[in-house]
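First comes the structure, then the notes that go with it.
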There are 2 protein chains.
Amino acid sequence: MNEEYAAKCLAELGSPTRLAVFRLLVRAGHVGMVVGDLQRRLRIPASTLSHHIARLAWAGLVEQRRRGRSLHCFARTDVMDGLVTYLTAECCAGFDDEKTDQPAA
Amino acid sequence: MNEEYAAKCLAELGSPTRLAVFRLLVRAGHVGMVVGDLQRRLRIPASTLSHHIARLAWAGLVEQRRRGRSLHCFARTDVMDGLVTYLTAECCAGFDDEKTDQPAA
DNA sequence: TTTATATTTCGATATTTCTAGAAATATCGT
DNA sequence: ACGATATTTCTAGAAATATCGAAATATAAA
(Lines give C-alpha, C1' and ligand atoms only; values in the text may rest on other atoms or scores of the structure.)
Protein backbone atom coordinates (compact mmCIF):
# COMPACT_ATOMS: atom_id res chain seq x y z
CA MET A 1 0.00 0.00 0.00
CA ASN A 2 1.35 3.40 -0.95
CA GLU A 3 -0.07 6.88 -0.81
CA GLU A 4 -1.28 6.87 -4.40
CA TYR A 5 -3.07 3.55 -4.13
CA ALA A 6 -4.49 4.47 -0.74
CA ALA A 7 -5.98 7.62 -2.24
CA LYS A 8 -7.51 5.56 -5.03
CA CYS A 9 -9.12 3.12 -2.60
CA LEU A 10 -10.38 5.92 -0.39
CA ALA A 11 -11.90 7.70 -3.35
CA GLU A 12 -13.70 4.58 -4.51
CA LEU A 13 -15.02 3.84 -1.04
CA GLY A 14 -16.04 7.44 -0.64
CA SER A 15 -19.39 7.04 -2.34
CA PRO A 16 -22.36 6.06 -0.18
CA THR A 17 -23.51 3.51 -2.74
CA ARG A 18 -20.10 1.93 -3.14
CA LEU A 19 -19.45 1.86 0.59
CA ALA A 20 -22.79 0.10 1.05
CA VAL A 21 -21.88 -2.41 -1.65
CA PHE A 22 -18.55 -3.08 -0.04
CA ARG A 23 -20.04 -3.53 3.42
CA LEU A 24 -22.58 -6.00 2.09
CA LEU A 25 -19.82 -7.96 0.41
CA VAL A 26 -17.68 -7.97 3.53
CA ARG A 27 -20.57 -9.39 5.49
CA ALA A 28 -21.12 -11.99 2.80
CA GLY A 29 -17.59 -13.26 3.38
CA HIS A 30 -16.18 -15.72 0.91
CA VAL A 31 -19.66 -16.81 -0.11
CA GLY A 32 -19.98 -13.47 -1.83
CA MET A 33 -23.05 -12.03 -3.51
CA VAL A 34 -24.16 -11.97 -7.10
CA VAL A 35 -24.89 -8.64 -8.74
CA GLY A 36 -28.61 -9.35 -8.70
CA ASP A 37 -28.53 -9.87 -4.94
CA LEU A 38 -26.89 -6.50 -4.51
CA GLN A 39 -29.39 -4.90 -6.84
CA ARG A 40 -32.40 -6.27 -4.96
CA ARG A 41 -30.78 -5.19 -1.72
CA LEU A 42 -29.88 -1.67 -2.77
CA ARG A 43 -32.77 -0.94 -5.13
CA ILE A 44 -30.80 0.85 -7.81
CA PRO A 45 -30.84 0.35 -11.59
CA ALA A 46 -28.64 -2.44 -12.86
CA SER A 47 -26.53 -0.17 -15.01
CA THR A 48 -25.82 2.18 -12.13
CA LEU A 49 -24.88 -0.67 -9.85
CA SER A 50 -22.69 -2.21 -12.51
CA HIS A 51 -20.85 1.07 -12.84
CA HIS A 52 -20.11 1.22 -9.11
CA ILE A 53 -19.05 -2.40 -8.88
CA ALA A 54 -16.75 -1.84 -11.83
CA ARG A 55 -15.09 1.03 -10.02
CA LEU A 56 -14.58 -1.03 -6.89
CA ALA A 57 -13.13 -3.82 -9.01
CA TRP A 58 -10.90 -1.36 -10.86
CA ALA A 59 -9.48 -0.26 -7.51
CA GLY A 60 -8.89 -3.88 -6.59
CA LEU A 61 -11.32 -3.75 -3.68
CA VAL A 62 -13.77 -6.20 -5.20
CA GLU A 63 -13.24 -9.33 -7.22
CA GLN A 64 -15.74 -10.80 -9.62
CA ARG A 65 -15.98 -14.37 -10.85
CA ARG A 66 -18.54 -15.61 -13.29
CA ARG A 67 -20.44 -18.74 -12.44
CA GLY A 68 -22.99 -19.56 -15.04
CA ARG A 69 -25.11 -16.55 -15.78
CA SER A 70 -24.29 -14.87 -12.51
CA LEU A 71 -21.32 -12.82 -11.50
CA HIS A 72 -20.22 -13.47 -7.97
CA CYS A 73 -18.67 -10.54 -6.18
CA PHE A 74 -16.29 -10.71 -3.25
CA ALA A 75 -14.75 -8.06 -1.06
CA ARG A 76 -10.99 -8.12 -1.05
CA THR A 77 -10.68 -7.79 2.70
CA ASP A 78 -6.94 -8.24 2.44
CA VAL A 79 -6.74 -5.02 0.43
CA MET A 80 -8.98 -3.33 2.94
CA ASP A 81 -6.77 -4.55 5.76
CA GLY A 82 -3.80 -3.07 3.96
CA LEU A 83 -5.61 0.23 3.65
CA VAL A 84 -6.51 0.29 7.33
CA THR A 85 -2.95 -0.58 8.26
CA TYR A 86 -1.70 2.23 6.06
CA LEU A 87 -4.13 4.74 7.56
CA THR A 88 -3.24 3.67 11.07
CA ALA A 89 0.47 4.07 10.40
CA GLU A 90 0.38 7.21 8.28
CA CYS A 91 -2.70 9.16 9.22
CA CYS A 92 -3.43 8.48 12.86
CA ALA A 93 -1.76 9.82 15.97
CA GLY A 94 1.76 8.69 16.72
CA PHE A 95 3.61 11.73 15.45
CA ASP A 96 2.21 13.53 18.42
CA ASP A 97 4.17 15.57 20.83
CA GLU A 98 4.21 12.82 23.37
CA LYS A 99 6.69 11.29 21.01
CA THR A 100 8.65 14.30 19.83
CA ASP A 101 8.73 16.16 23.12
CA GLN A 102 11.88 16.05 25.13
CA PRO A 103 11.12 13.86 28.11
CA ALA A 104 11.54 15.66 31.43
CA ALA A 105 13.15 18.70 29.85
CA MET B 1 -19.22 7.55 13.05
CA ASN B 2 -21.92 6.29 10.76
CA GLU B 3 -21.94 5.06 7.20
CA GLU B 4 -22.87 8.41 5.71
CA TYR B 5 -20.18 10.34 7.54
CA ALA B 6 -17.62 7.62 6.87
CA ALA B 7 -18.32 7.91 3.15
CA LYS B 8 -17.88 11.65 3.36
CA CYS B 9 -14.52 11.36 5.10
CA LEU B 10 -13.35 8.69 2.68
CA ALA B 11 -14.33 10.81 -0.28
CA GLU B 12 -12.45 13.82 1.04
CA LEU B 13 -9.35 11.79 1.80
CA GLY B 14 -9.58 10.13 -1.60
CA SER B 15 -7.75 12.88 -3.42
CA PRO B 16 -3.97 12.60 -3.67
CA THR B 17 -3.52 16.25 -2.78
CA ARG B 18 -5.84 16.14 0.20
CA LEU B 19 -4.38 12.89 1.49
CA ALA B 20 -0.93 14.47 1.27
CA VAL B 21 -2.16 17.53 3.18
CA PHE B 22 -3.68 15.36 5.85
CA ARG B 23 -0.57 13.25 6.25
CA LEU B 24 1.59 16.34 6.64
CA LEU B 25 -0.76 17.68 9.28
CA VAL B 26 -0.79 14.39 11.16
CA ARG B 27 2.98 14.42 11.28
CA ALA B 28 2.91 18.01 12.46
CA GLY B 29 0.90 16.91 15.48
CA HIS B 30 -0.63 19.58 17.65
CA VAL B 31 1.93 22.11 16.45
CA GLY B 32 0.12 22.10 13.14
CA MET B 33 1.14 23.86 9.97
CA VAL B 34 0.13 27.16 8.48
CA VAL B 35 -1.31 27.22 4.98
CA GLY B 36 1.87 28.79 3.62
CA ASP B 37 3.95 25.91 4.98
CA LEU B 38 1.71 23.45 3.21
CA GLN B 39 1.89 25.47 0.02
CA ARG B 40 5.68 25.57 0.00
CA ARG B 41 5.72 21.88 0.73
CA LEU B 42 3.24 20.82 -1.92
CA ARG B 43 3.99 23.42 -4.60
CA ILE B 44 0.44 24.09 -5.67
CA PRO B 45 -1.28 27.45 -6.18
CA ALA B 46 -2.70 29.03 -3.05
CA SER B 47 -6.25 29.06 -4.29
CA THR B 48 -6.15 25.38 -5.17
CA LEU B 49 -4.69 24.47 -1.81
CA SER B 50 -7.22 26.63 -0.03
CA HIS B 51 -9.99 24.77 -1.79
CA HIS B 52 -8.66 21.39 -0.68
CA ILE B 53 -8.10 22.47 2.90
CA ALA B 54 -11.61 23.87 2.99
CA ARG B 55 -12.99 20.50 1.94
CA LEU B 56 -11.04 18.67 4.62
CA ALA B 57 -12.28 21.20 7.15
CA TRP B 58 -15.83 20.84 5.85
CA ALA B 59 -15.62 17.10 6.51
CA GLY B 60 -14.33 17.79 10.01
CA LEU B 61 -10.97 16.19 9.33
CA VAL B 62 -9.01 19.40 9.66
CA GLU B 63 -9.38 22.31 12.02
CA GLN B 64 -8.17 25.83 11.32
CA ARG B 65 -7.37 28.54 13.81
CA ARG B 66 -6.18 32.00 12.91
CA ARG B 67 -3.17 33.39 14.69
CA GLY B 68 -2.24 36.78 13.38
CA ARG B 69 -1.98 36.72 9.64
CA SER B 70 -1.54 32.98 9.47
CA LEU B 71 -4.07 30.20 9.59
CA HIS B 72 -2.88 27.22 11.56
CA CYS B 73 -4.18 23.87 10.40
CA PHE B 74 -4.46 20.74 12.50
CA ALA B 75 -5.42 17.20 11.66
CA ARG B 76 -8.36 15.91 13.68
CA THR B 77 -6.76 12.59 14.47
CA ASP B 78 -9.65 11.74 16.74
CA VAL B 79 -11.98 11.83 13.75
CA MET B 80 -9.50 9.76 11.77
CA ASP B 81 -9.34 7.25 14.62
CA GLY B 82 -13.11 7.04 14.52
CA LEU B 83 -13.01 6.37 10.81
CA VAL B 84 -10.41 3.63 11.17
CA THR B 85 -12.40 2.06 13.97
CA TYR B 86 -15.49 2.13 11.79
CA LEU B 87 -13.68 0.59 8.83
CA THR B 88 -12.17 -2.09 11.02
CA ALA B 89 -15.54 -3.01 12.46
CA GLU B 90 -17.66 -2.71 9.33
CA CYS B 91 -15.42 -3.31 6.35
CA CYS B 92 -12.71 -5.70 7.41
CA ALA B 93 -12.84 -9.43 7.93
CA GLY B 94 -14.78 -10.72 10.90
CA PHE B 95 -17.89 -11.76 9.06
CA ASP B 96 -15.79 -14.47 7.56
CA ASP B 97 -16.61 -18.09 7.56
CA GLU B 98 -14.21 -18.78 10.36
CA LYS B 99 -16.82 -17.08 12.45
CA THR B 100 -19.99 -18.39 10.90
CA ASP B 101 -18.79 -21.92 10.33
CA GLN B 102 -19.90 -24.54 12.76
CA PRO B 103 -16.85 -25.34 14.85
CA ALA B 104 -15.77 -28.99 14.61
CA ALA B 105 -18.83 -29.93 12.59
C1' DT C 1 -2.52 55.29 7.20
C1' DT C 2 0.05 53.20 3.96
C1' DT C 3 2.37 49.00 2.80
C1' DA C 4 3.37 44.18 3.13
C1' DT C 5 1.94 39.49 4.18
C1' DA C 6 -1.28 35.53 4.42
C1' DT C 7 -5.12 33.47 2.81
C1' DT C 8 -9.67 33.26 0.83
C1' DT C 9 -13.26 34.22 -2.48
C1' DC C 10 -14.67 34.86 -7.13
C1' DG C 11 -15.07 33.60 -11.81
C1' DA C 12 -14.16 30.93 -15.66
C1' DT C 13 -12.94 26.64 -17.86
C1' DA C 14 -11.87 21.80 -18.12
C1' DT C 15 -12.76 17.41 -16.51
C1' DT C 16 -14.89 13.82 -13.96
C1' DT C 17 -18.60 11.50 -11.95
C1' DC C 18 -23.41 10.09 -11.31
C1' DT C 19 -27.45 8.34 -13.08
C1' DA C 20 -30.26 5.51 -15.78
C1' DG C 21 -32.50 3.94 -20.16
C1' DA C 22 -31.58 1.28 -24.25
C1' DA C 23 -29.00 -1.92 -26.59
C1' DA C 24 -25.62 -5.51 -26.51
C1' DT C 25 -23.42 -9.64 -24.63
C1' DA C 26 -23.00 -14.00 -22.13
C1' DT C 27 -24.88 -18.14 -20.46
C1' DC C 28 -28.23 -21.50 -19.64
C1' DG C 29 -32.30 -24.55 -20.43
C1' DT C 30 -35.33 -26.51 -23.83
C1' DA D 1 -31.83 -22.37 -32.62
C1' DC D 2 -34.70 -19.94 -29.41
C1' DG D 3 -36.16 -17.75 -25.29
C1' DA D 4 -35.16 -16.45 -20.68
C1' DT D 5 -32.05 -14.62 -17.34
C1' DA D 6 -28.02 -11.92 -15.69
C1' DT D 7 -25.10 -8.36 -16.39
C1' DT D 8 -22.46 -5.06 -19.02
C1' DT D 9 -21.63 -1.47 -22.40
C1' DC D 10 -23.15 2.52 -24.72
C1' DT D 11 -24.82 6.97 -24.54
C1' DA D 12 -25.88 11.35 -22.83
C1' DG D 13 -27.48 14.98 -19.79
C1' DA D 14 -26.96 16.91 -15.23
C1' DA D 15 -24.29 17.79 -11.34
C1' DA D 16 -20.03 17.94 -8.95
C1' DT D 17 -15.16 18.74 -8.78
C1' DA D 18 -10.53 20.50 -9.98
C1' DT D 19 -7.63 24.12 -11.40
C1' DC D 20 -5.74 28.62 -11.17
C1' DG D 21 -5.39 33.67 -11.98
C1' DA D 22 -7.24 37.90 -10.32
C1' DA D 23 -9.41 40.43 -6.96
C1' DA D 24 -10.85 40.80 -2.24
C1' DT D 25 -10.23 40.34 2.75
C1' DA D 26 -7.81 40.21 7.18
C1' DT D 27 -4.09 41.27 9.98
C1' DA D 28 0.23 43.18 11.19
C1' DA D 29 4.11 46.40 10.66
C1' DA D 30 6.24 50.76 9.52
Side-chain angles (χ1 to χ4, degrees), chain A residues 3-25 28 31-76, chain B residues 3-25 28 31-76:
Chain A
E3 187 165 2
E4 188 189 345
Y5 183 50
K8 181 193 270 193
C9 290
L10 291 166
E12 296 314 319
L13 291 170
S15 140
T17 300
R18 288 195 294 265
L19 185 57
V21 167
F22 192 78
R23 283 189 62 198
L24 284 171
L25 292 179
V31 173
M33 290 176 82
V34 302
V35 176
D37 292 341
L38 289 166
Q39 194 192 342
R40 276 180 289 280
R41 200 59 188 278
L42 297 171
R43 310 293 193 132
I44 57 178
S47 58
T48 302
L49 178 57
S50 182
H51 160 73
H52 287 297
I53 294 175
R55 293 198 55 127
L56 287 168
W58 171 75
L61 285 160
V62 160
E63 206 186 323
Q64 297 189 94
R65 263 173 297 184
R66 180 172 287 277
R67 255 226 283 185
R69 279 174 284 201
S70 305
L71 256 175
H72 286 252
C73 304
F74 308 89
R76 285 288 303 266
Chain B
E3 186 165 3
E4 188 188 345
Y5 183 50
K8 182 194 272 196
C9 289
L10 291 166
E12 296 312 321
L13 290 170
S15 140
T17 300
R18 289 196 293 265
L19 185 57
V21 166
F22 192 77
R23 282 189 63 199
L24 285 171
L25 291 179
V31 173
M33 288 175 83
V34 301
V35 176
D37 291 341
L38 289 166
Q39 194 192 343
R40 275 179 290 280
R41 198 62 188 275
L42 297 171
R43 309 291 192 131
I44 55 179
S47 58
T48 302
L49 178 59
S50 181
H51 161 72
H52 287 298
I53 295 175
R55 294 199 56 128
L56 287 168
W58 171 75
L61 286 160
V62 160
E63 206 186 323
Q64 297 188 94
R65 265 172 297 186
R66 180 171 286 277
R67 253 225 284 185
R69 279 175 284 199
S70 305
L71 258 175
H72 287 251
C73 304
F74 308 90
R76 286 288 304 265

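Only a predicted model underlies this, so the values are computations on that prediction, with no experimental measurement involved. A note on names: the letters A, B, ... follow the listed sequences, proteins ahead of strands, and every chain is numbered from 1.
A side-chain contact (heavy atoms from CB on, under 4.5 Å) with A:V21 is found for one member of A:L13, A:L61, A:L49, A:V35 and no other, namely A:L49.
The span of DNA chain D lying next to chain A, judged by atoms under 4.0 Å from heavy atoms, is bounded 5' to 3' by D:dA4 to D:dT9.
For residues 58-75 of chain B, no residue pair satisfies the side chain to side chain donor-acceptor pair (under 3.5 Å) rule, not counting sequence neighbours. Residue pairs that meet the salt bridge (charged side-chain N to carboxylate O under 4.0 Å, His left out) test with at least one member in residues 7-19 of chain A, sequence neighbours left out, are A:E12-A:R18, A:E12-A:R55.
Looking at residues two or more places apart in sequence or on another chain, you find no side chain to side chain contact (heavy atoms under 4.5 Å, CB included) involving A:A11. Looking at residues two or more places apart in sequence or on another chain, you find no salt bridge (Lys or Arg N to Asp or Glu O under 4.0 Å) involving B:R43. With sequence neighbours left out, the salt bridge (Lys or Arg N to Asp or Glu O under 4.0 Å) criterion links B:R40 to B:D37.
Pairing each heavy atom of B:L10 with each of A:G14, the nearest pair is CB-CA, 3.7 Å. The minimum heavy-atom distance between A:P45 and A:Q39, with the atom names listed, is C-NE2, 4.2 Å. For A:A7 against B:S15, the heavy-atom pair with the smallest separation is CB-C, 4.3 Å. When every heavy atom of A:C9 is checked against every heavy atom of A:A59, the shortest pair comes out as SG-O, 4.2 Å. In terms of heavy-atom proximity, B:M33 sits nearest to B:L38 at SD-CD2, 3.8 Å.
Over its full length, the helix from C:dT1-D:dA30 to C:dT30-D:dA1 turns its helical axis through 20°, comparing axes from the five pairs at each end and rounding to 10°.
Base engagement by B:H51 is indicated by at least one non-hydrogen atom pair under 4.0 Å involving a base atom.
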Checklist entry - For B:L42 and B:L24, what are the C-alpha separation, side-chain angles and deciding distance, and is it a side-chain contact (heavy atoms from CB on, under 4.5 Å)? => result CA-CA 10 Å; B:L42 297 171; B:L24 285 171; 3.9 Å; yes
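Taking every heavy atom of residues 57-70 of chain A and every atom of DNA chain C, pairs under 4.0 Å involve A:R66, A:G68, A:R69, by number. Against DNA chain C, the stretch residues 34-50 of chain B makes heavy-atom approaches under 4.0 Å through B:V34, B:V35, B:G36, B:A46, B:S47, B:S50.
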